[in-house]
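Just so we're on the same page: letters track the sequence lines, and every chain starts at 1.
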There are 2 protein chains.
Amino acid sequence: MKKYALLILFVFPISRTAWAQSPEVLAIRKYGTQNADKMMREFAAFLAIPNIARDTVNIKKNAAFIMSMMTERGIKNVQLLAPSTAGAPPAVYGEVKVPGATQTLIFYAHYDGQPVNPAQWAPGLEPFKPQLYTGTIDKSGKNIPFPTDGQYNPDWRIYARSASDDKAGVFTILSAYEALTKNGLVPTSNLKFFFEGEEEAGSPHLNQILEKHSALLQSDLWIICDGPVHQTGRKQIVFGVRGDAHMDLTVYGPKRPLHSGHYGNWAPNPALLLAKLLASMKDDEGRVTIKGFYDDVTPLTASEKKAMQEVPSVEAQMKRELGLSTVETTGAVLNEAISVPSLNINGMQSGNVGKMASNQIPTFATAVLDLRLVLGNDWQRQQQKVVDHIKAQGYHVIDHEPTDDERAQYGKLIKVIPGEDGYNAQRTPMDLPIAQRVIKAVQTTTTDPLVLQPTSGGSLPLYLFKKYLNANTMTVPIANHDNNQHAENENIRLGNLFDGLETMTAVMRMK
Amino acid sequence: MKKYALLILFVFPISRTAWAQSPEVLAIRKYGTQNADKMMREFAAFLAIPNIARDTVNIKKNAAFIMSMMTERGIKNVQLLAPSTAGAPPAVYGEVKVPGATQTLIFYAHYDGQPVNPAQWAPGLEPFKPQLYTGTIDKSGKNIPFPTDGQYNPDWRIYARSASDDKAGVFTILSAYEALTKNGLVPTSNLKFFFEGEEEAGSPHLNQILEKHSALLQSDLWIICDGPVHQTGRKQIVFGVRGDAHMDLTVYGPKRPLHSGHYGNWAPNPALLLAKLLASMKDDEGRVTIKGFYDDVTPLTASEKKAMQEVPSVEAQMKRELGLSTVETTGAVLNEAISVPSLNINGMQSGNVGKMASNQIPTFATAVLDLRLVLGNDWQRQQQKVVDHIKAQGYHVIDHEPTDDERAQYGKLIKVIPGEDGYNAQRTPMDLPIAQRVIKAVQTTTTDPLVLQPTSGGSLPLYLFKKYLNANTMTVPIANHDNNQHAENENIRLGNLFDGLETMTAVMRMK
């Protein structure tokens with residue numbers, strides 16, 4: 001009996017727990033089910049193109065792939081929007097003019113992905129070899145071939161870099177437009193499409209692109225398709241993002257690696273120095289101890305506070321899912337934690353561990369810090385606070401490998417490279433009329449109430465759209481929350497792609 | 001004029017600053033100069049065989065190479081001494097019986113090397129491609145081919161894994177015996193040779209070899225050829241070693257890597273947890289804060305203290321050479337620092353740094369600790385002190401990847417894997433009559449006074465020789481102190497190899 005039930009689940013076509021009533025939504029749902037095979041194969045071909053922003057050759061291939069998807073769908077004026085800096089990844093642009101339409105929406109997603117370390121991916125997975133699994137690999141999902149009968153289960157996953165972040169966004173936006181036209185439905189707004197190619201590298205040239213092509217990029221609203229839906233599985237709309245800034249820290253030990261027996265306890269160990277420095281940055285309650293770190297924060301408005309209170313709690317679910325029994329910031333729930341500036345260690349290394357470990361005192365130790373910022377913070381001021389803290393720990397701060405003279409003069413030397421790709425936070429007011437209309441449109445696709453978030457914990461350079469185009473942005477994500485974005489084993493749940501089709505068509509058809 | 005002087009330096013054959021008067025020493029010196037080409041080419045062929053202890057195939061090749069060197073030199077009873085554990089690296093044994101000799105010396109060195117990470121070696125260098133340089137690569141040494149005229153400069157270096165540690169020992173001992181026979185000189189003691197194949201893996205089967213072959217391995221003294229001469233360049237004899245034990249620590253964050261924006265400040269960051277734990281182990285004066293860490297230490301004897309005082313100071317030289325302006329243990333000179341138990345971080349890692357860094361909260365952070373022990377410490381007791389300290393920091397200690405139940409139950413989880421390859425310290429009394437005779441013999445090879453050290457900072461499992469054979473050991477090293485042993489860019493200074501020839505022949509001919 002149990003086996004039979006499982007079998008039904010396995011072959012049952014695309015389904016969702018929440019059934020909306022709009023006939024248009026049902027038509028799009030049917031379209032997705034009937035065209036799943038074509039869609040999944042096109043998406044897999046897209047994911048197979050490596051997409052690290054600095055990999056110029058493959059970035060071009062991605063851009064060409066997107067242009068070809070646009071042209072096939074009848075999108076007009078398809079072109080690359082290059083920044084002034086030669087060689088930097090271009091954005092891919094296209095547009096659809098709708099007779100009689102009185103407003104214009106620009107759909108944003110990015111086609112580049114985070115750097116990959118293939119060695120860290122699970123056995124059998126490769127970042128740029130998209131593969132289909134019957135579930136998540138850490139919960140006994142099995143690798144299966146793409147089916148020949150066109151029947152895809154919504155709980156299946158595709159594993160690949162950018163399967164969620166953010167080729168899912170590019171692909172779903174373009175597939176939604178195709179679904180509309182194939183169903184004879186006309187968008188209610190003029191549509192523009194803007195797909196960035198170096199978001200994961202910190203969007204260092206987005207300002208140039210926006211400035212250079214500002215006439216082309218006029219609109220009434222940017223719809224940002226990036227990030228996950230709510231952890232409960234409910235659809236959500238996000239009105240802001242945290243800002244982001246990085247810092248690379250390197251502390252120094254002896255000029256050459258030393259035998260840890262012959263010199264252990266005498267020569268300073270840079271791994272210990274770095275450990276002590278990092279440990280000094282947060283107290284045991286997870287609060288950053290850097291002077292002034294929480295200054296400058298613009299408080300949430302009354303309506304933002306109210307929205308935050310209505311966001312369903314995910315504490316118990318997420319702790320269970322992530323195998324955590326405590327959180328870093330004592331007493332804070334997730335929503336509160338992402339409403340304040342953060343400091344995180346993205347990576348830390350000195351010498352070797354595991355089979356390559358050797359009995360040495362390493363010559364240096366290095367760490368990458370990730371600072372997230374909220375409204376009111378300035379990213380360079382936030383970096384400076386960290387530098388001031390490091391100096392207060394007795395370090396002499398340099399921006400280069402230490403010279404012999406510097407080594408002779410200073411007991412504690414640190415190279416600090418503040419990332420130049422930082423940006424500030426941004427929040428769109430939740431009560432804008434156009435924002436309310438987007439909310440209403442997305443709500444037609446689900447019987448569950450939407451989750452409305454004043455800000456995401458993640459970052460996008462949305463302040464640039466305000467600065468260069470005076471544009472408002474709203475983020476309408478589609479990916480599953482457990483997508484491992486930015487790390488090994490990134491994946492997308494298929495049901496989220498098909499749900500996304502409904503979400504995006506609803507926005508394109510909003511009243 | 002300057003150019004001319006340089007040229008002379010370049011082509012001048014093997015020379016040493018300290019000239020001893022013994023005619024035998026002069027004969028051996030001449031032999032080394034005249035046979036430099038054959039020696040250097042044989043040594044390079046030896047270094048070209050990879051020698052990581054767990055690389056069974058290549059370990060066998062090394063052993064075969066050594067057996068063939070022994071046989072060519074007329075050494076008898078050449079054989080492999082296998083441990084009881086099948087597949088573990090064998091020791092290579094051989095012997096020379098001398099008519100009328102009343103005592104037996106066993107010469108020890110090891111032919112395996114520390115693990116290598118080729119990516120960390122300087123551009124152009126490869127661990128198992130021995131190459132000749134005109135000096136150290138960090139001081140403008142240039143890569144040159146092996147000369148065709150047989151003229152080798154003593155300041156030249158050969159770069160390769162185990163160039164110093166410890167194929168230099170194996171090679172110099174066997175070349176010294178060859179030099180004696182080629183000069184018609186007969187050893188004054190019976191000689192035995194014992195070359196170990198897994199010293200750098202912690203000698204896990206040495207006990208089996210010594211026990212199984214104890215009859216064959218009887219002697220009056222073991223001469224250990226491993227480690228460097230004194231930092232001043234003076235020859236030294238070392239009467240003891242520190243013990244050694246390792247521990248692998250892994251602390252845990254979320255079960256899957258998380259986006260550091262969406263979850264930063266909420267999900268515990270294992271890199272920070274590890275940093276705080278490591279930081280708690282030492283105070284700012286370099287003193288280990290682990291309870292009882294300095295207990296159990298057997299004090300130095302009066303003669304050992306006296307010997308230590310006579311060791312020339314190297315503080316200023318070493319600080320300059322290593323680019324250090326402070327030392328870890330406030331106020332301690334090198335000799336004092338290595339006379340107490342130590343705790344060092346050999347390696348530390350979490351997430352990724354540099355180009356592979358990504359915006360994530362890593363799932364784990366790991367560190368390798370190296371504990372050095374002095375006489376009186378027990379290696380397992382020392383490991384337990386660290387475990388107790390970790391528990392006192394609020395950690396639940398496990399020996400496996402955490403289960404879901406453990407994750408749910410404990411806020412701070414750590415996997416501690418105490419290395420099973422630890423061993424205790426050992427010291428031979430400096431006033432043994434046979435020890436005094438070795439000192440006298442080595443002193444004939446140099447006009448500089450020998451440096452006599454009660455203990456080395458480094459470790460060898462010498463307590464096993466005492467335990468299984470009731471044997472005394474003395475360490476007579478030959479390598480240059482700046483050899484990068486245990487790390488990238490390992491090298492030997494050629495002059496040290498030729499000086500070593502004189503040292504070893506003098507011991508073989510000691511009165």
For this session: Against chain A, label Asp283(B) side chain, backbone, both or neither, depending on which of its atoms sit under 4.5 Å from a heavy atom there.
Result: backbone

Problem set entry | Contacting region of Gln114(A) [heavy-atom separation from chain B under 4.5 Å] | side chain

Problem set entry | Side-chain touch Tyr159(B)/Thr136(B), heavy atoms, less than 4.5 angstrom | yes

Seminar exercise, completed: Per-residue tally against chain A (heavy atom, under 4.5 Å) across Gly354(B), Gly351(B), Ser358(B), Pro254(B) peaks at Ser358(B)

Exercise. Do the charged groups of Asp482(A) and Lys139(A) touch, with an N to O distance under 4.0 Å?
Worked result: no

Exercise. With a 4.0 Å cut-off, would you call Glu321(A) and Arg256(B) a salt bridge?
Worked result: yes

Problem set entry | Contacting moiety of Ala267(B), where chain A heavy atoms sit under 4.5 Å | both

For this session: Against chain B, label Ala271(A) side chain, backbone, both or neither, depending on which of its atoms sit under 4.5 Å from a heavy atom there.
Result: both

Exercise. Looking only at heavy atoms, what is the nearest atom pair of Val238(A) and Thr455(A), with distance?
Worked result: CG1-C, 3.6 Å

Exercise. If you count heavy-atom pairs under 4.5 Å with chain B, which of Arg287(A), Glu328(A), Gln120(A) comes out on top?
Worked result: Glu328(A)

Exercise. Quick one: what part of Lys412(B) sits under 4.5 Å from any heavy atom of chain A, side chain, backbone, both or neither?
Worked result: neither

Seminar exercise, completed: When the 4.5 angstrom heavy-atom criterion is applied to Pro402(A) and chain B, the contacting part is neither

For this session: Heavy-atom distances under 4.5 Å only: say whether Pro270(B) touches chain A with side chain, backbone, both or neither.
Result: neither

Exercise. Among Met348(A), Gln485(A), Arg407(A), Gln349(A), which has the most heavy-atom pairs under 4.5 Å with chain B?
Worked result: Met348(A)

Exercise. Does any heavy atom of chain A fall under 4.5 Å from the side chain of His481(B), the backbone, both, or neither of them?
Worked result: both

For this session: Given side chain to side chain donor-acceptor pair (under 3.5 Å), test Asn269(B) with Asn344(A) step by step and report yes or no.
Result: CA-CA 7 Å; Asn269(B) 187 312; Asn344(A) 252 286; 2.7 Å; yes

Exercise. For Ala487(B), does its backbone N or O pair with a side-chain atom of Arg161(B) as donor and acceptor, under 3.5 Å?
Worked result: yes

For this session: For chain B, find which of Leu272(A), Val116(A), Val288(A), Ile338(A) contributes the most heavy-atom pairs closer than 4.5 angstrom.
Result: Leu272(A)

For this session: Considering only heavy atoms and a distance below 4.5 Å, find which of Glu315(A), Gln409(A), Lys319(A) pairs most often with chain B.
Result: Glu315(A)

Exercise. Considering only heavy atoms, which portion of Ile52(B) lies under 4.5 Å from any heavy atom of chain A: side chain, backbone, both, or neither?
Worked result: neither

Exercise. Given a strict heavy-atom distance threshold of 4.5 Å, which part of Ala357(A) is in contact with chain B: side chain, backbone, both, or neither?
Worked result: both

Exercise. Arg320(A), Met281(A), Met318(A): which one forms the most heavy-atom pairs within less than 4.5 Å of chain B?
Worked result: Met318(A)

Exercise. Relative to chain B, which of Asp165(A), Thr326(A), Asn352(A), Leu273(A) shows the most heavy atom pairs under 4.5 Å?
Worked result: Asn352(A)

Seminar exercise, completed: Under 4.5 Å to a heavy atom of chain A? For Asp244(B) that would be side chain

Seminar exercise, completed: Closest non-hydrogen atoms of Asn489(A) and Asn484(A), given as atom of the first, atom of the second and distance, are O-CB, 3.3 Å

Problem set entry | Proximal component of Tyr252(B), with respect to chain A [non-hydrogen, under 4.5 Å] | neither

Problem set entry | Greatest number of heavy atom pairs closer than 4.5 Å to chain A - which of Ser456(B), Pro341(B), Ala367(B), Gly264(B) | Gly264(B)

For this session: Ignoring hydrogens and angles, state whether a donor on the side chain of Asn359(B) or His246(A) is under 3.5 Å from an acceptor on the partner side chain.
Result: yes

Exercise. Would Lys415(B) and Asp248(B) pass as an ion pair if we require N to O under 4.0 Å?
Worked result: no

For this session: Considering only NZ, NE, NH1 and NH2 on the basic side and carboxylate oxygens on the acidic side, decide whether Lys255(A) and Asp404(A) come within less than 4.0 Å.
Result: yes

Seminar exercise, completed: Cut-off 4.5 Å, heavy atoms of chain A, and the answer for Gln231(B) is side chain

Problem set entry | Where Asp112(B) and Ala201(B) come nearest, the two heavy atoms and their spacing | OD2-N, 3.8 Å

Problem set entry | Contact summary for Leu278(A) and Ala275(B), nearest pair of heavy atoms | CB-CB, 4.0 Å

